[in-house]
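Scope of the values below: all heavy atoms of this structure, side chains included, with no hydrogens, waters or symmetry mates. As the structure is a prediction and not an experimental result, all values here were calculated from the model.
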Amino acid sequence: MKRIFSFLLIGLLAFPALAESADEVRLRPQWPVPDYVTRLLEVADSEVGYREGPHGYSKFGEYWGDPYAQWCAEFLCWCVDQVDKTYGTELLKNVYPLYSGQNTGMKWFIKQGRWVARNGNLDEWGYQWFKGADRFITAGEYIPQPGDWVFFSWTSDGNTSHVAMVEYATMDSKGNVSIHCVEGNNPVSVARVTYSTQDKKILGYGTVHDVADWTMRPGNNGAKVTELQEKLVYLGYLTQDSITGHYGVNTQEAINRFQTANGLKVLGIANIETQSRINQFCEEKRYQDADAWQVAVEDDNFFE
């Protein structure tokens, strides 16, 4: 687990699949592809070639409530909605955001705890690392998986300008990785587009799976903070009513106490060393917890 970042690359090289060209192979996903992702990609693929009408009209903008809006995000949300309506799933607002505005989708994934910045450094939070790893993610290292959303910025301010959905990734003989996407509003149609993972226009990825952890500090909010607080409660550094999803004074003081007690530099910030030690202690406590090993048998014939 401590070398999961190496596993990512080794695993991808070990399992090449369909050849895309003489110099390129398709990479197998490193995590299971959920059924809903397969269905979602089928919906998106079926729309490839769709073109907007006069004055920028699109059915995806109409779905959102503005027929003449720019519609890259609207296209992806529409596709998710189609899966929900067809299969009775509840993906919108749970697995994927329902949004239109700038930065809204990116911020939604960050709050959910499923985001990987292309450069491995998340603004207002800190550096990221793959779960179980002992070093930070480097620029372009993450290979997005089917169903991930890719967010781009065309401007120097770092605001989101565009979004696409990953179908699969490929690698050439020199180790260069490309991501193959379906996107709307390109510039007037639904199209398949290929990007390099080193493309600096990529801000990051809203991921299907929770693949990375990241530094947390006062002021942060979201699922990652909630998970950290739950662990601190389990280890006795916080009380149950402190689980708020907000990294405030109570959480900062708990981290300070933990760092002091374990010989770590007292920063009040949950960095990679601190979180690694917290995870270690939680695993050790669960292993020693007799209740965690009890098997509930309600049926007298369970072993028959």
Side-chain angles (χ1 to χ4, degrees), residues 1-8 10-11 29-34 94-95 109-116 120 122 125-137 142 145 207-303:
M1 286 299 292
K2 289 188 176 180
R3 295 290 175 181
I4 192 170
F5 52 88
S6 299
F7 168 77
L8 291 173
I10 294 171
Q30 289 301 295
W31 290 272
V33 179
N94 292 304
V95 179
F109 276 109
I110 292 172
K111 188 171 184 180
Q112 296 295 312
R114 291 184 284 113
W115 176 264
V116 178
L122 181 56
W125 294 73
Y127 291 105
Q128 297 186 292
W129 56 92
F130 292 122
K131 283 184 171 296
D134 56 5
R135 69 164 178 85
F136 299 126
I137 297 171
Y142 175 64
Q145 303 293 290
T207 61
V208 171
H209 299 281
D210 181 4
V211 302
D213 287 319
W214 54 75
T215 306
M216 286 175 267
R217 63 188 70 241
N220 292 153
N221 296 279
K224 290 293 185 187
V225 177
T226 299
E227 292 171 7
L228 174 65
Q229 291 170 335
E230 289 172 344
K231 293 172 184 176
L232 290 170
V233 169
Y234 186 61
L235 294 177
Y237 287 90
L238 274 179
T239 57
Q240 191 72 29
D241 60 0
S242 296
I243 301 177
T244 63
H246 172 69
Y247 199 121
V249 174
N250 288 343
T251 303
Q252 183 178 11
E253 291 178 348
I255 289 295
N256 283 339
R257 290 194 298 273
F258 181 86
Q259 291 170 334
T260 299
N262 293 283
L264 299 171
K265 190 172 183 179
V266 180
L267 301 170
I269 294 172
N271 56 15
I272 186 171
E273 294 84 5
T274 301
Q275 291 189 51
S276 177
R277 192 71 63 85
I278 288 173
N279 291 338
Q280 175 191 339
F281 287 175
C282 284
E283 290 176 7
E284 290 175 355
K285 183 175 180 179
R286 291 189 188 99
Y287 184 81
Q288 297 169 2
D289 186 353
D291 291 338
W293 292 93
Q294 289 182 357
V295 179
V297 180
E298 297 181 358
D299 187 348
D300 291 338
N301 299 318
F302 180 83
F303 293 105

Practice task
Could you pull out the closest heavy-atom pair between Y237 and A261, with the gap in Å?
Solution key: OH-CB, 3.7 Å
Exercise for the section: Grab the two heavy atoms, one from V116 and one from V211, that are nearest each other, plus how far apart they are. Expected result: CG2-CG2, 3.6 Å
Practice task
Examine the side chains of Q288 and E284 and answer whether a donor and an acceptor come within less than 3.5 Å of each other.
Solution key: no
Practice task
Could you check if a side-chain atom of M216 sits within less than 4.5 angstrom of a side-chain atom of Q275, using non-hydrogen atoms only?
Solution key: yes
Problem - Distance in Å, L232 CG paired with C282 SG, rounded so as to fall on 0.5 Å steps - result: 8.0 Å
Handout entry: Spacing of L122 atom CG and I110 atom CD1 [to the nearest 0.5 Å]
Key = 4.5 Å
Problem - Donor-acceptor pair, side chain of Q259 and main chain of I269, under 3.5 angstrom - result: yes
Exercise for the section: May I ask you to test the T215-I272 pair for a side-chain heavy-atom distance under 4.5 Å? Expected result: no
Exercise for the section: Decide yes or no for Q145 and V33: does some side-chain heavy atom of the first lie under 4.5 Å from some side-chain heavy atom of the second? Expected result: no
Exercise for the section: Give the minimum heavy-atom separation between Q112 and A223, together with the two atoms involved. Expected result: O-CB, 3.4 Å
Handout entry: Test side chain to side chain contact (heavy atoms under 4.5 Å, CB included) applied to F136 and Q128, step by step
Key = CA-CA 6 Å; F136 299 126; Q128 297 186 292; over 6 Å; no
Exercise for the section: For the pair R217 (side chain) and W125 (backbone), establish whether a donor and an acceptor sit closer than 3.5 Å, ignoring hydrogens and angles. Expected result: yes
Exercise for the section: Given side chain to side chain contact (heavy atoms under 4.5 Å, CB included), test T207 with W115 step by step and report yes or no. Expected result: CA-CA 6 Å; T207 61; W115 176 264; over 6 Å; no
Exercise for the section: Report yes or no: does K285 contribute a side-chain atom to a donor-acceptor pair with the main-chain N or O of Y234 at less than 3.5 Å? Expected result: yes
Problem - Sidechain-backbone polar pair: R277 side chain, N262 backbone, donor-acceptor under 3.5 Å - result: yes
Exercise for the section: Would you check if F130 and I137 make a side-chain contact, meaning some heavy-atom pair closer than 4.5 Å? Expected result: yes
Problem - More than 12 heavy atoms from other groups under 6.0 Å of OH on Y127 - result: no
Handout entry: Under 3.5 Å donor-acceptor, H246 side chain and P218 backbone
Key = no
Exercise for the section: Could you verify whether a donor N or O on one side chain and an acceptor N or O on the other, from K231 and N279, lie under 3.5 Å apart? Expected result: yes
Practice task
Rounded to the nearest 0.5 Å, what's the gap from CG on L264 to CG on N256? Could you check?
Solution key: 11.0 Å
Practice task
Mark yes or no for whether E253, through its side chain, and G248, through its backbone, hold a donor-acceptor pair below 3.5 Å.
Solution key: no
Exercise for the section: Compute whether any side-chain donor of one residue and acceptor of the other, for Q229 and S242, lie under 3.5 angstrom apart. Expected result: no
Completion exercise
Closest non-hydrogen contact found for V233 with Q240 is CG1-OE1, 3.5 Å
Problem - Close side-chain approach of T274 and F258, heavy atoms under 4.5 Å - result: yes
Exercise for the section: Mark yes or no for whether D213, through its side chain, and W129, through its backbone, hold a donor-acceptor pair below 3.5 Å. Expected result: no
Exercise for the section: Using a 4.5 Å cut-off on heavy atoms from C-beta on, say whether the side chain of K111 contacts that of N221. Expected result: no
Completion exercise
In short, F109 meets V95 closest at the heavy-atom pair CE2-O, 3.8 Å
Problem - Audit row: T226, I243, side chain to side chain contact (heavy atoms under 4.5 Å, CB included) steps and yes/no - result: CA-CA 6 Å; T226 299; I243 301 177; 3.9 Å; yes
Exercise for the section: State, yes or no, whether a side-chain contact exists between D210 and K224 at a heavy-atom distance under 4.5 Å. Expected result: yes
Problem - Residue pair I255 / V266, side-chain heavy-atom distance below 4.5 Å - result: no
